[in-house]
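As the structure lists them, so they are numbered: ligands from 1, and atoms in each ligand from 1. Along the sequence shown, residues are numbered consecutively beginning with 1.
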Amino acid sequence: MDDIDAMNAEPDKKVFIKTYGCQMNVYDSQRMEDVLSGEGYVGTDQPEAADLVILNTCHIREKAAEKVYSELGRLRNYKHGREKTGNDMLIAVAGCVAQAEGEEIIRRAPIVDIVFGPQTYQRLPEFLHRRQAGESAIVETEFPTEDKFDRLDQSDRVRGPRTAVARGVSAFLTVQEGCNKFCSFCVVPYTRGAEFSRPVERIIGEATRLVAAGVREITLLGQNVNAYRGAASDGCSWSLGHLLAGLSEIEGLERLRYTTSHPRDMDDELIAQHATNPKVMPYLHLPVQSGSDRVLKAMNRRHTVEDYIAVIERLRRVRQDIALSGDFIVGFPGETEADFEATMSLVRQVTYAQAYSFKYSSRPGTPAADRSDQVDDYVKIDRLSRLQSLLGDQQREFNGSCIGREFPLLLERSGRHDGQLVGRSPYLQAVHVSSNQAQIGDMVNVRVEKAGANSLSAHII
Ligand code: SAH
Ligand code: SF4
Ligand code: F3S
């Protein structure tokens with residue numbers, strides 16, 4: 001480009017994306033950035049300086065959904081300030097609140113220009129052009145017949161790879177979306193639609209590009225990732241276990257993880273991967289929600305406590321050192337003190353390395369929201385604090401049990417002090433080490449020296 005061109009070139013437009021909710025939203029936000037970079041947008045971390053602000057939202061609990069409206073309140077001032085300068089700021093709401101509330105968002109927050117659901121972001125450039133051409137606020141929440149990955153992959157072929165730009169040594173890769181399970185408390189089947197698996201070759205292609213760009217660890221994502229059934233060019237439908245085996249042949253890829261799994265879909269092929277594939281990490285996030293069969297039935301989880309424990313025993317039989325993480329809901333409608341105690345005793349029996357726990361949040365449109373036996377908030381608060389204190393003890397105990405152990409660490413970023421690096425253990429713990437030689441992206445063997453509530457420190461051996 002010569003100097004005249006450089007002077008005439010349009011300055012980059014700036015986009016600020018704020019991401020709420022699960023890792024699938026993190027992946028989607030990165031794909032949106034990739035799509036927008038083809039439109040001349042560069043990322044910024046200052047919303048007030050952005051030409052386009054996207055809130056990629058989460059609808060899972062009431063608190064998560066309400067955060068969007070307080071953020072929109074803040075953005076209103078920026079947008080009004082900008083209108084005076086004649087250099088407008090576009091505001092878009094994406095993700096699961098967009099899918100669930102659609103038009104309602106524009107009614108509650110008229111400053112919003114574009115509302116689009118999780119299945120339509122590949123059309124973002126089109127939405128922007130339409131709005132800039134003067135169309136009134138755009139709401140697009142259809143589930144298209146053609147899937148978004150297809151559109152992204154097609155544009156790759158035309159314009160060179162734009163999907164999955166690497167952003168570090170550890171990357172997310174969505175392989176499955178949607179949910180057909182309809183747990184009675186959960187909005188995901190409504191916001192993300194029916195289960196869908198991406199074809200095997202597309203995933204292997206994306207993983208290969210990530211690894212070529214420096215990625216060493218890939219976490220396969222799906223709302224029900226172990227329900228994965230992807231079409232492959234060998235004419236077979238691959239399970240998640242099969243896919244993990246296929247991906248582990250990529251040279252330079254050191255580690256594989258997957259999340260989130262449903263207990264009903266932990267099949268033998270997947271469990272066997274934990275025994276035979278050294279690239280599959282000995283760590284599993286396996287939500288159970290409750291330790292009471294009565295509550296599990298009312299939640300429509302379609303498994304019992306015994307089924308769940310049986311899965312864990314199968315896993316521990318093939319991989320003794322596997323560490324577990326889980327999700328729990330307290331105060332589901334009708335949950336008694338005895339039901340809650342059953343959850344506590346399940347936690348004591350299983351023992352978790354880490355876990356997430358939530359107060360039940362009533363979500364409009366889900367069956368559990370209509371029940372007349374909602375649990376009082378003060379009861380939920382009490383149960384949550386008892387559960388979290390038990391889970392916190394278990395996490396500290398697990399971290400403490402790592403002292404003296406040796407394991408490989410994938411170095412991900414630099415630490416706060418000079419010469420300090422932070423990596424991840426096989427069990428997803430953050431581990432601090434000091435070194436003048438080691439670099440981000442290296443795998444190093446370490447011995448753990450100290451353990452805190454949320455991280456470890458170690459020295460390289
Ligand atoms: N597909 C995953 C979970 C997706 S949602 C699974 O089946 O395990 C992530 C977690 O949010 C859930 O595991 C659950 O613990 C929690 N959650 C979902 N809906 C909720 C609600 N209405 N109130 C409180 N927590 C909820
Ligand atoms: Fe929600 Fe249940 Fe589907 Fe998980 S399995 S996403 S909790 S409906
Ligand atoms: Fe939230 Fe949607 Fe993920 S509701 S948890 S962002 S699938």
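- Residue-ligand proximity, Pro287 to ligand 1, at heavy-atom distances under 4.0 Å covers atoms 8 (O).
- Within the listing of ligand 2, atoms 8 (S) sit less than 4.0 angstrom from a heavy atom of Pro189.
- Listed by number with element, the atoms of ligand 2 under 4.0 angstrom from any heavy atom of Phe182 are 8 (S).
- By the 30° and 60° cut-offs, the orientation of the rings of His285 relative to Tyr356 is perpendicular.
- For ligand 1, the atoms sitting less than 4.0 Å from at least one non-hydrogen atom of Thr260 are 2 (C), 8 (O), numbered in the order shown with element in parentheses.
- Under the 30°/60° scheme for interplanar angles, the aromatic rings of His274 and Tyr258 are found to be tilted.
- When Met299, Glu195, Arg264, Arg301 are ranked by how near their heavy atoms come to atom 4 (Fe) of ligand 2, first place goes to Arg301.
- The ligand atoms of ligand 1 that sit less than 4.0 angstrom from a heavy atom of Lys359 are 23 (N), 24 (C).
- Side chains of Ser248 and Asn277: a donor on one and an acceptor on the other come within 3.5 Å.
- Using modelled atom types and a 3.5 Å distance limit, the side chains of Gln99 and Thr191 yield no donor-acceptor pair.
- Residue nearest to atom 11 (O) of ligand 1, selected from Arg301, Arg61, His59, Met24: Arg61 (by heavy-atom distance).
- In terms of protein heavy atoms, atom 15 (O) of ligand 1 is closest to Gln289 OE1, 2.7 Å.
- At a cut-off of 3.5 Å, with distance as the only test, no side-chain donor of Asp293 or Thr304 sits close to an acceptor on the other residue.
- The closest side-chain donor-acceptor pair between Glu39 and His129 falls under 3.5 angstrom.
- Among Thr366, Asp327, Val187, the residue whose heavy atom sits closest to atom 9 (C) of ligand 1 is Asp327.
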> What's the verdict on ring-ring contact (aromatic ring centres under 6.0 Å, His included) for Phe398 and Tyr352, showing C-alpha distance, side-chain angles and the deciding distance?
Replying inline: CA-CA 8 Å; Phe398 178 75; Tyr352 292 88; over 10 Å; no
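- Shown in contact with Cys179 at under 4.0 Å from a heavy atom are these atoms of ligand 2, numbered in order with element: 3 (Fe), 5 (S), 6 (S), 8 (S).
- Contact annotation: for Ser361 versus ligand 1, heavy atoms closer than 4.0 Å belong to both the backbone and the side chain.
- Atoms of ligand 2 lying under 4.0 Å from at least one heavy atom of Lys181, given by number and element, are 5 (S).
- Listed by atom number, the atoms of ligand 1 under 4.0 Å from Tyr360 heavy atoms are 23 (N), 24 (C).
- Near Arg363, with a cut-off below 4.0 Å to any heavy atom, the atoms of ligand 1 are 22 (N).
- With a 4.0 Å cut-off on non-hydrogen atoms, Phe185 touches ligand 2 through its side chain and not its backbone.
- A distance limit of 4.0 angstrom between heavy atoms and ligand 3 selects the residues Cys22, Asn25, Thr57, Cys58, His59, Ile60, Cys96, Arg192, Gln223.
- You'll find the ring centres of Tyr190 and Phe182 inside the 6.0 Å limit.
- The side chain of Phe358, and not its backbone, has at least one atom closer than 4.0 Å to an atom of ligand 1 (non-hydrogen atoms only; side chain from C-beta on).
- The shortest separation from a heavy atom of Val188 to ligand 1 is not under 4.0 Å, leaving the residue out of contact.
- With a heavy-atom cut-off of 4.0 Å, Ile60 touches ligand 1 through backbone and side chain alike.
- When the heavy-atom distances from atom 5 (S) of ligand 2 to Gln289, Arg302, His262 are ranked, the shortest goes to His262.
- Within ligand 1, the atoms closer than 4.0 Å to a non-hydrogen atom of Gln223 are 1 (N), 2 (C), numbered from 1 in the order shown.
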